[in-house]
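Below: one structure, written as structure tokens.
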Number of protein chains: 2
Amino acid sequence: MKSQKISEAVVRRLPIYLRFLNELAMKNIMTVSSQDLGHKLDLNPAQIRKDLAYFGEFGKKGIGYDVAYLIEKIRQILKLDRQLQVALVGAGNLGRALCNYNTYLRNDMKIVAVFDAMPQKTGETINNLTVQPMSEMKETLARLGVRIGIITVPAAEAQNVANQFVEAGIEAILNFAPVIIKVPGEVRVHHADFTTELQSLAYYLD
Amino acid sequence: MKSQKISEAVVRRLPIYLRFLNELAMKNIMTVSSQDLGHKLDLNPAQIRKDLAYFGEFGKKGIGYDVAYLIEKIRQILKLDRQLQVALVGAGNLGRALCNYNTYLRNDMKIVAVFDAMPQKTGETINNLTVQPMSEMKETLARLGVRIGIITVPAAEAQNVANQFVEAGIEAILNFAPVIIKVPGEVRVHHADFTTELQSLAYYLD
DNA sequence: TAGATTGTTAATCGATTAACAATC
DNA sequence: TAGATTGTTAATCGATTAACAATC
């Protein structure tokens, strides 16, 4: 049961479960059923039970899931039970906006370093962070133990930044630039591209 | 062949094809094969051919696809062959960043109105647009023919904004707030949530 | 013509959903 | 006990990939 490979679809739903469970916890709700979850999140209850069952037996038959316990378990699964350090490259509008989400990321993750290739940007302050030049990246990431990188530079520079991330030992990248970037197999890349997202929405207009 | 329902996965790939085709066009490359496309976009060539074949016979056997013609066809499919008007609610950092993407969206789409519920924000200028109060939304959207809405408000207000969008006749919504919003079946919602994206990335760390 | 590449069918693979025994 | 809900198997559904005849 441990050595099954978990599909990407499952992994993408876990943070959604986690977020809703946190809401329940804040309302002092102690227990939740897969049916409740499914109803709120527009998902099939069987799917939710199956997703969770990949990782263990977290529920009680006839009762449901203990909210606090399930939160703890999902945080462990997602490796959010320690604080993960994140670096961001590209101190433009989008980069600045994301840095302000630090509060949202709570204790799970934290953007701890910001870089930009343009000399006129370095030295600027964003949310208590000083924008550093690219030349300092490798050393800073090693020192701070950064494992995750965010790319918010223009499309033309994204691949270059990705290469530097890989060189600096980054293990996972979230790319906001509207271009597919290539990295070695051991590095994980997710694309978060707002323009393609909007364009696919347009398809559903009548 | 016309009445097949197209899967979401297919629709999400079309903008990626389009973006790469535009790059080719800018390099004056006239023709491309599914193999070339697949190699560049990390997709299976058979999948690309199948995706396109849902909508018509756009290629030439032995030759490949004419870049300009395929661009034209995909733009038609995605309804990007007219300019689509977009409205945004939430003039915070993220909203401001997205407004600056207007140049990126080219002729396909354009953010033409920005709203915010906070009185101190209204009247501010973002990229030639004046932030308007929510009370003006319905009238403005009707006047400008806006069909797509973007939500960049805090999670607690997102559902409320969505309701107002629906009320104002919006047909598709891109929601950046970290919460699942509910809308009537005829309205399309995509979620573009940066925090869940980051959290699912963390799973893949060793 | 020979080589290349499409469009499409069939085969495979994977994900979702239904159903139900186990059990709280 | 009766009612509820899990964990899990089996059934269904859908998406991806392979293969190849058609043809430029």
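Just so it is clear: chains get the letters A, B, ... in the order the sequence lines come, proteins before strands, and each one is counted from 1.
Nucleotide D:dG7 holds its C1' atom 14 Å from the CG atom of A:Leu70, rounded to whole Å. Rounded to whole Å, atom P of D:dT6 lies 17 Å from atom CZ of A:Phe55.
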Show the atom names and distances, to 0.1 Å, of all donor-acceptor pairs under 3.5 Å that link a side chain in residues 178-189 of chain A to residues at least two apart or in another chain.
residue	atom	partner	partner atom	Å
A:Lys182	NZ	B:His39	O	2.9
A:Lys182	NZ	B:Lys40	O	3.3
A:Lys182	NZ	B:Asp42	OD1	3.0
A:Arg188	NE	A:His190	NE2	3.3
A:Arg188	NH2	A:Glu8	OE1	3.0

Contacts table for residues 84-95 of chain B: side-chain donor-acceptor under 3.5 angstrom, sequence neighbours left out:
none

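B:Asp36 pairs by the salt bridge (Lys or Arg N to Asp or Glu O under 4.0 Å) definition with nothing, not counting sequence neighbours. Looking at residues two or more places apart in sequence or on another chain, you find a salt bridge (Lys or Arg N to Asp or Glu O under 4.0 Å) between A:Arg75 and A:Asp108. Partners of B:Asp116 according to the side chain to side chain donor-acceptor pair (under 3.5 Å) rule, which considers only residues two or more places apart in sequence or in another chain, do not exist here.
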Quick test: give all pairs of protein nitrogen or oxygen and nucleotides 22-24 of chain D nitrogen or oxygen below 3.5 Å, distance rounded to 0.1 Å.
residue	atom	partner	partner atom	Å
D:dC24	O4'	B:Lys61	O	3.0

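Checked by atom type, the side-chain pair A:Gln132/A:Thr122 shows no donor-acceptor distance below 3.5 Å.
The list of salt bridge (Lys or Arg N to Asp or Glu O under 4.0 Å) pairs with a residue in residues 48-72 of chain B, not counting sequence neighbours, reads B:Arg13-B:Asp51. A salt bridge (Lys or Arg N to Asp or Glu O under 4.0 Å) check over residues 144-170 of chain A, counting only residues at least two apart or in different chains, returns the pairs A:Lys138-A:Glu167, A:Arg147-A:Glu171. Among pairs with a residue in residues 76-92 of chain B, none fulfils salt bridge (Lys or Arg N to Asp or Glu O under 4.0 Å), at least two apart in sequence or across chains. For residues 192-206 of chain A, the set of pairs meeting the salt bridge (Lys or Arg N to Asp or Glu O under 4.0 Å) definition, not counting sequence neighbours, comprises A:Asp193-B:Arg19, A:Glu197-B:Arg12.
Both key distances under 3.5 Å define a Watson-Crick or G-U pair, and stretches of 3 or more such consecutive pairs in DNA chain D run C:3-24 with D:3-24.
Across D:dT16, D:dA10, D:dG7, the shortest atom-to-atom separation from the side chain of B:Ala9 is found for D:dT16. The side chain of A:Lys50 lies closest to D:dT9, out of D:dT16, C:dA15, D:dT9. In this structure, the nucleotide among C:dT8, D:dG7, C:dT17 sitting nearest to the side chain of A:Glu57 is D:dG7.
Contacts with DNA chain C (heavy atom under 4.0 Å) in residues 14-47 of chain B: B:Ser33, B:Ser34, listed by number.
When the side-chain nitrogen and oxygen atoms of A:Arg49 are compared with OP1 and OP2 of D:dT6, one or more of them lie within a distance under 4.0 Å. Regarding contacts with the backbone of D:dA15, a side-chain N or O of B:Ser7 is found under 4.0 angstrom from either OP1 or OP2. For A:Tyr65, no side-chain nitrogen or oxygen approaches OP1 or OP2 of D:dA4 to under 4.0 Å.
Ring pair A:Phe194/B:Tyr101: centre-to-centre distance below 6.0 Å.
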